[in-house]
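A short write-up of the structure that comes next.
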Amino acid sequence: MSEFLALFLFLFTFGVLLVGYPVAFTLGGSALLFAFIGGITGTFDPAFLEAIPNRIQGTLSNELLVAIPLFIFMGVMLEKSRIAEDLLDTMGQVFGGLAGGLGISVTIVGMLLAASTGIVGATVVTMGLLSLPSMMKRGYCPKLSTGIICASGTLGQIIPPSIVLVLLGDVISSAYQQAQLDQGIYSPESVTVGDLFLGALIPGFMLVGMYIVYLIVIAITQPHRVPPIPAEERKVSKELWMQVLTVLFPPVLLIVLVLGSILGGIATPTEAASVGSVGAIILAVSKRMFSLSILRDVLRSTTEVTAMVFLILIGASLFALVFRGFGGDDIVRDFLMSLPGGVFGAMLLVMLVLFLLGFFLDFIEITFVVIPIVAPILLTMGVDPVWLGIMIALNLQTSFLTPPFGFSLFYLRGVAPDSISTMDIYRGVLPFILIQLVMLGLLAYWPTLATWLPDIVYG
């Protein structure tokens, strides 16, 4: 009976989420409802609920999670200071004389924004508002333009310091310790956010390189789809390189300081995020884009997103507690371990389920609800925690690009002009989805793409 209630809890929660109820209240409310049903039917021990205060206290006292509002503040402040606008203009001038140069510029700026903001929705919307009109004006193919913007915008999933990786780092660290304790290892090793940041560097930069190679191939074979910027619109080289120095150097320096301090072990992610927040304020002041009204807007946005994340985290903790109380984790473990193909079969099924869930749920819900259930099982089966984290991040990034439900497509549809149809956006992202799948396949075949750097630096 308890096994059926565990399954019904998951299905009921998923159904309520699809109806559109707020995620945090759905997770917590569904869990309490089924705990009440389980208590009446004698299939759930109410003593499990006594752990809720400790769970909430543990969440709120987790120092790593303090990095989330700081990284959000850094990203929103950089967005308000119009860093993206200046970067697009500058990189467009650098590569604009080449066929496909504007597309390459959008890809590089997307990478830089990913490394400075880590917020996918904001990056896609910003890139759509700034670069799409420019690409249309220069005669770029609408399908290719929208595909480049969506694909570049989702790089925030995988390029550090990604908020996705911060959240995954916390969840996978807990899952890894639990998996080792289940195996009788009472001095468990740990995996950190720094490990995931390092592990994501090679796959992330490979993905950017594959996007650029694709654009170069299009420029060679179909140059009419990606024409260069006319000579009269380009700046002379002396002016251009001065602009590159003044526009590109400050945000790159900020990214290097934040990432370098984490990867070098000089600062924790929380400390580095605070440095990034102060650096973002300094950049805004230097660009004369800082005022009390802007600071108020940034703080409001940061508070809203942070409150949403922590409410979902509390609701997900309650959901996981009740799900385990019904023995749901044992059901999932037995099912995954009984699949043909062993680790490969279990990993393949989990990746497929996460990909499909990415159509309907944001990465925050998936990270807090699904990963704590499946990750300990996969890690017990011998899967490397860093490789698992990067595979999940890349998988969700691909899901967010895939029609008809990809979140990035909705973000761009909201700011794209009516002259660009939804089908143009759908068709435009298909080549980039294939590139993502190739990257996923390479990472699945060569896990060392994710594990080599952490082993070298921290090994």
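All of these numbers come straight from a predicted model, not from anything done at the bench.
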- Query: Stepwise, does the side chain to side chain contact (heavy atoms under 4.5 Å, CB included) test hold for Trp387 with Met347?
  - Reply: CA-CA 11 Å; Trp387 177 70; Met347 189 71 182; 3.7 Å; yes
- For Met206 and Tyr211, what are the C-alpha separation, side-chain angles and deciding distance, and is it a side chain to side chain contact (heavy atoms under 4.5 Å, CB included)? CA-CA 9 Å; Met206 283 181 66; Tyr211 288 170; over 6 Å; no
- Message: Checking Leu299 against Phe73 for the side chain to side chain contact (heavy atoms under 4.5 Å, CB included) test, could you report, in this order, the C-alpha distance in whole Å, the side-chain angles of both residues, the deciding distance, and whether it holds?
- Response: CA-CA 7 Å; Leu299 289 173; Phe73 179 93; 3.7 Å; yes
- Query: Can you check side chain to side chain contact (heavy atoms under 4.5 Å, CB included) on Lys143 and Leu430, steps first, answer last?
  - Reply: CA-CA 10 Å; Lys143 299 183 188 69; Leu430 291 179; over 6 Å; no
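Taking 4.5 Å as the limit, every side-chain heavy atom of Val193 sits out of range of all side-chain heavy atoms of Leu165. Counting only heavy atoms from C-beta outward, the side chains of Met136 and Pro142 approach each other to under 4.5 Å. Using a 4.5 Å cut-off on side-chain heavy atoms (C-beta onward), Phe432 and Ile148 make contact. Looking only at side-chain heavy atoms (C-beta outward), Val166 and Leu196 stay at 4.5 Å or farther from each other. Looking at Met74 and Val278, their side chains never come closer than 4.5 Å, going by heavy atoms from C-beta outward. Proximity of Met77 to Leu295: side-chain heavy atoms (C-beta onward) are separated by under 4.5 Å at one or more points. Contact annotation: the side chain of Ile149 approaches that of Val106 to within less than 4.5 Å [non-hydrogen atoms, C-beta and beyond]. The shortest distance between side-chain heavy atoms of Pro203 and Met439 falls below 4.5 Å.
Between the Thr448 side chain and the Thr451 main chain, no donor and acceptor come within less than 3.5 Å of each other. Judged by distance alone, with hydrogens and angles left aside, the side-chain atoms of Thr154 form a donor-acceptor pair with the main-chain N or O of Ala151 at under 3.5 Å. One N or O on the side chain of Tyr140 and one on the backbone of Leu102 form a donor-acceptor pair closer than 3.5 Å. A side-chain donor-acceptor contact under 3.5 Å links Asp424 to the backbone of Ser421. The backbone N or O of Phe355 sits less than 3.5 Å from a side-chain atom of Ser399, completing a donor-acceptor pair.
Between atom OG of residue Ser30 and atom CZ of residue Phe323 there is a gap of 13.0 Å, rounded to the nearest 0.5 Å. A distance of 8.5 Å separates CG of Asp384 from CG of Leu388, quoted to the nearest 0.5 Å. Atom CG of Leu144 is separated from atom CZ of Arg427 by 14.5 Å, given to the nearest 0.5 angstrom. In this structure, OH on Tyr214 lies 9.0 Å from CG on Leu434, to the nearest 0.5 angstrom. With rounding to the nearest 0.5 angstrom, the CD1 atom of Ile425 is 8.0 Å from the CG atom of Leu132.
The nearest pair of heavy atoms linking Ala267 to Glu271 is CA-OE1, 3.3 Å. Scanning all heavy atoms of the two residues, the minimum distance from Leu283 to Pro250 falls at CD2-CB, 3.2 Å. The nearest pair of heavy atoms linking Ala450 to Ile390 is CB-CG1, 4.0 Å. Across all non-hydrogen atoms, the minimal contact from Phe197 to Pro160 is O-CG, 3.3 Å. Closest non-hydrogen pair, Val429 versus Cys150, comes out as CG1-CB, 3.8 Å. Taking both residues in full, the closest heavy atoms of Ala346 and Met381 are given as CB-CE, 3.9 Å, listed atom of the first, atom of the second, then distance.
Exactly one of Leu311, Leu70, Ile72 qualifies for a side chain to side chain contact (heavy atoms under 4.5 Å, CB included) with Thr306. That residue is Ile72. Of the options Leu394, Thr398, Asn395, a side chain to side chain contact (heavy atoms under 4.5 Å, CB included) to Met351 is made by Asn395 and by none of the others.
You'll find the ring centres of Phe319 and Phe368 outside the 6.0 Å limit.
Using modelled atom types, one finds a donor on one side chain and an acceptor on the other under 3.5 Å when comparing Ser291 with Ser293. Under the 3.5 Å distance criterion, with hydrogens and angles disregarded, no donor-acceptor pair is assigned to the side chains of Asp170 and Ser173.
Other residues, nucleotides and ligands contribute only 12 or fewer heavy atoms inside 6.0 Å of the CG atom of Leu292.
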